[in-house]
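Beneath this line is the structure, given in structure tokens, with notes to follow.
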Amino acid sequence: MSLDQKSALRVAQVLNEALPYIQRFIGKTVVVKFGGNAMVDKALQNSFARDVILMKLVGMNPVVVHGGGPQIGDLLEKLSIESRFVDGMRVTDSETMDVVEMVLGGTVNKQIVNLINSNGGRAVGVTGKDGLLIRARKLRRKEDTAGLHASEIIDIGHVGEVESIDTGVIDMLINSDFIPVIAPIGVGEDGASYNINADLVAGKIAEYLKAEKLMLLTNVAGLQDKNGEVLTGLSTLEVDGLIADGTIYGGMLPKIACALDAVKAGVNSAHIIDGRVPHAVLLEIFTDTGVGTLITNSNFE
Ligand SMILES: Nc1ncnc2c1ncn2[C@@H]1O[C@H](COP(=O)(O)OP(=O)(O)O)[C@@H](O)[C@H]1O
Ligand SMILES: CC(=O)N[C@@H](CCC(=O)OP(=O)(O)O)C(=O)O
């Protein structure tokens, strides 16, 4: 067999491998959190956009929720405003909130919409304020503050948690064949803006949409142990242990928490995947090659 025939056969095999996945996931909703390196590298951005478009074209309903922490950090630096994080959450005073809303709801959201549209898809970008999509309240940090004196409690300002999701806007976009692209800004009872960690928003949206999958793209190979080995199929108890001994820290804390919560609430599987791998989304959905950490119901032991 010539080399060309061989590679043609390989392509056919890969397409054939995708068939059962396409059949299984047709009509299903998949929430993808776009973040990490995949968001800043041009080639990776395009491969992500094309993966999402392909999902849509084969009958799935992809919903994109995006982060933008590095982009917020860049603008804050230019404005000489200090970035500070507590447990992976950005301390957000009013000035910082304005920048967060500008960057996430403006620049980043429209860049992603443009990316998908210029690759031949049809995307519409919204923040959690549009159609009251994300109702938020100030993040309560009970666990962290227990036992601390008032002077020791850090007020992380306009950082929110999701109170509820109104899926109306998302359903409308999906039903009109658009790919929703959602910025993680929530709105409080009084109309105030809240800065919410994008992983937490993606997890809640997956829950409310009763999604088949939640995929969290990041800039590591998955959840790793102390030696950098990728962990998968952990029990909640093991996860608690890894948090207690400091193996899981910073930005991985909200990621793992929302993945566990989403699956507990009925999402079939959550995946923390390596967004540095070109077409990571495609590989995860349409092939037998898993890339990263898989969390399913069997994790609750
Ligand atoms: N156990 C762990 N395994 C992998 N990454 C971890 C772990 N604990 C903490 N991290 C950190 O979490 C980061 C991912 O979170 P974050 O930077 O918020 O990603 P993103 O921008 O993709 O949301 C990793 O780059 C790594 O520094
Ligand atoms: C409260 C909080 O930390 N919000 C995040 C929102 C963006 C985000 O989550 O971006 P990544 O996914 O790229 O980290 C922030 O201000 O950076």
Side-chain angles (χ1 to χ4, degrees), residues 32-41 44 48 64-77 81-93 95-109 111-112 127-128 134 136 138-139 141 154-162 182-186 193-204 214-232 234 238-259 271-276 280 292-293:
V32 189
K33 173 352 189 47
F34 188 38
N37 275 38
M39 259 183 99
V40 282
D41 178 288
L44 291 173
F48 168 81
V64 177
V65 176
H66 63 82
Q71 292 88 335
I72 297 168
D74 286 349
L75 185 55
L76 286 173
E77 200 183 324
I81 304 171
E82 189 198 352
S83 286
R84 212 152 55 93
F85 288 86
V86 174
D87 292 338
M89 304 283 173
R90 181 187 306 281
V91 179
T92 309
D93 61 11
E95 203 181 23
T96 304
M97 188 65 234
D98 285 345
V99 175
V100 168
E101 199 156 2
M102 233 187 285
V103 174
L104 293 183
T107 329
V108 173
N109 187 272
Q111 262 170 6
I112 299 168
T127 80
I134 306 170
K138 192 174 163 82
L139 179 71
R141 301 175 60 246
I154 306 163
D155 182 358
I156 54 175
H158 297 255
V159 174
E161 60 186 342
V162 176
I182 303 166
I185 309 275
S193 303
Y194 282 100
N195 177 15
I196 315 179
N197 175 281
D199 297 318
L200 299 181
V201 167
K204 281 287 172 211
L214 166 66
M215 302 176 80
L216 304 168
L217 260 75
T218 186
N219 55 358
V220 280
L223 173 65
Q224 295 167 332
D225 67 12
K226 281 204 162 54
N227 305 316
E229 295 290 326
V230 174
L231 298 166
T232 194
L234 298 171
E238 285 166 309
V239 169
D240 288 346
L242 292 172
I243 294 173
D245 75 7
T247 306
I248 301 177
Y249 59 90
M252 192 51 71
L253 287 169
K255 237 178 259 304
I256 199 79
C258 82
H271 308 251
I272 298 174
I273 62 171
D274 193 345
R276 298 167 305 178
T293 297

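Position 1 is the first residue of the sequence; numbering continues from there. Both counts, for ligands and for their atoms, begin at 1 and track the order of listing. Hydrogens, waters and symmetry mates are skipped; everything else that's a heavy atom, side chains included, is used.
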| task | Would you please test Leu200 and Glu161 for side-chain contact (heavy atoms from CB on, under 4.5 Å) and show each step? | result | CA-CA 8 Å; Leu200 299 181; Glu161 60 186 342; 5.8 Å; no

| field | Student check: side-chain heavy atoms of Ile134 and Val201 closer than 4.5 Å | value | yes

| said: I'd like to know whether ligand 2 has Gly68 as a neighbour, heavy-atom separation below 4.0 Å. | reply: yes

| So, does Thr293 use its side chain to make a donor-acceptor pair with the main chain of Leu223 at under 3.5 Å? | yes

| Carboxylate-amine/guanidinium contact Asp41 Arg276, below 4.0 Å | no

| field | Close N or O approach (Ala198, ligand 2; < 3.5 Å) | value | yes

| Heteroatom distance test (Asp199, ligand 2): nitrogen or oxygen, under 3.5 angstrom | no

| query | Can you list the atoms of ligand 2 that are under 4.0 Å from a heavy atom of Pro70? | reply | 13 (O)

| task | Return yes if some donor-acceptor pair links the side-chain N/O of Asn197 with the main-chain N/O of Asp199 below 3.5 Å, else return no. | result | yes

| Any donor-acceptor N or O pair under 3.5 Å, side chains His158, Asp93 | no

| Test item: Lys138 side-chain N/O and Gly157 main-chain N/O as donor-acceptor pair under 3.5 Å | yes

| task | For Leu217, take its heavy atoms, then give the atoms of ligand 1 lying under 4.0 Å from any of them. | result | 22 (O)

| Between Arg90 and Ser83, is any side-chain donor less than 3.5 angstrom from a side-chain acceptor? | yes

| request: State whether the shortest distance between N or O atoms of Val159 and N or O atoms of ligand 2 falls below 3.5 angstrom. | output: no

| query | Does some side-chain heavy atom of Glu77 sit less than 4.5 Å from a side-chain heavy atom of Glu82? | reply | no

| note | If you scan protein heavy atoms around atom 8 (C) of ligand 2, the nearest is Gly67 CA, 3.8 Å

| task | For Thr218, take its heavy atoms, then give the atoms of ligand 1 lying under 4.0 Å from any of them. | result | 14 (C), 19 (O), 20 (P), 22 (O)

| Should you measure from each heavy atom of Ile72, which atoms of ligand 2 turn up under 4.0 Å away? | 15 (C), 16 (O), 17 (O)

| request: Report, in ascending order of atom number, the atoms of ligand 1 lying under 4.0 Å from any heavy atom of Thr247. | output: 1 (N), 2 (C), 7 (C), 8 (N)

| query | Which pair of heavy atoms, one from Met89 and one from Leu139, lies closest together, and at what distance? | reply | CG-CD2, 4.4 Å

| request: Show which atoms of ligand 1 fall inside a sub-4.0 Å distance from at least one heavy-atom site of Gly222. | output: 3 (N), 4 (C)

| Between Leu104 and Thr127, is any pair of side-chain heavy atoms under 4.5 Å apart? | no

| request: Go through ligand 2 atom by atom and flag the ones less than 4.0 Å from a non-hydrogen atom of Met89. | output: 1 (C), 3 (O)

| Quick one: which ligand 1 atoms are inside 4.0 Å of a heavy atom on Val220? | 4 (C), 5 (N), 24 (C), 25 (O)

| How far is atom 4 (N) of ligand 2 from its nearest protein heavy atom, and which residue and atom name does that atom have? | Asn195 OD1, 2.9 Å

| task | Could you tell me which atoms of ligand 1, counted from 1 in the order shown, lie closer than 4.0 angstrom to a heavy atom of Lys33? | result | 23 (O)

| message | I want to check something: taking the side chain as every heavy atom from C-beta on, are Ile185 and Ile196 in contact at a cut-off of under 4.5 Å? | response | no

| task | Please determine if Leu104 has a nitrogen or oxygen closer than 3.5 Å to a nitrogen or oxygen of ligand 2. | result | no

| field | Ile196: numbered ligand 2 atoms lying under 4.0 Å from its heavy atoms | value | 4 (N), 6 (C)

| Is Lys255 in contact with ligand 1, taking contact as a heavy-atom separation below 4.0 Å? | yes

| field | Selected option - heavy-atom contact closest to atom 16 (O) of ligand 2, from Arg90, Glu161, Lys33 | value | Arg90

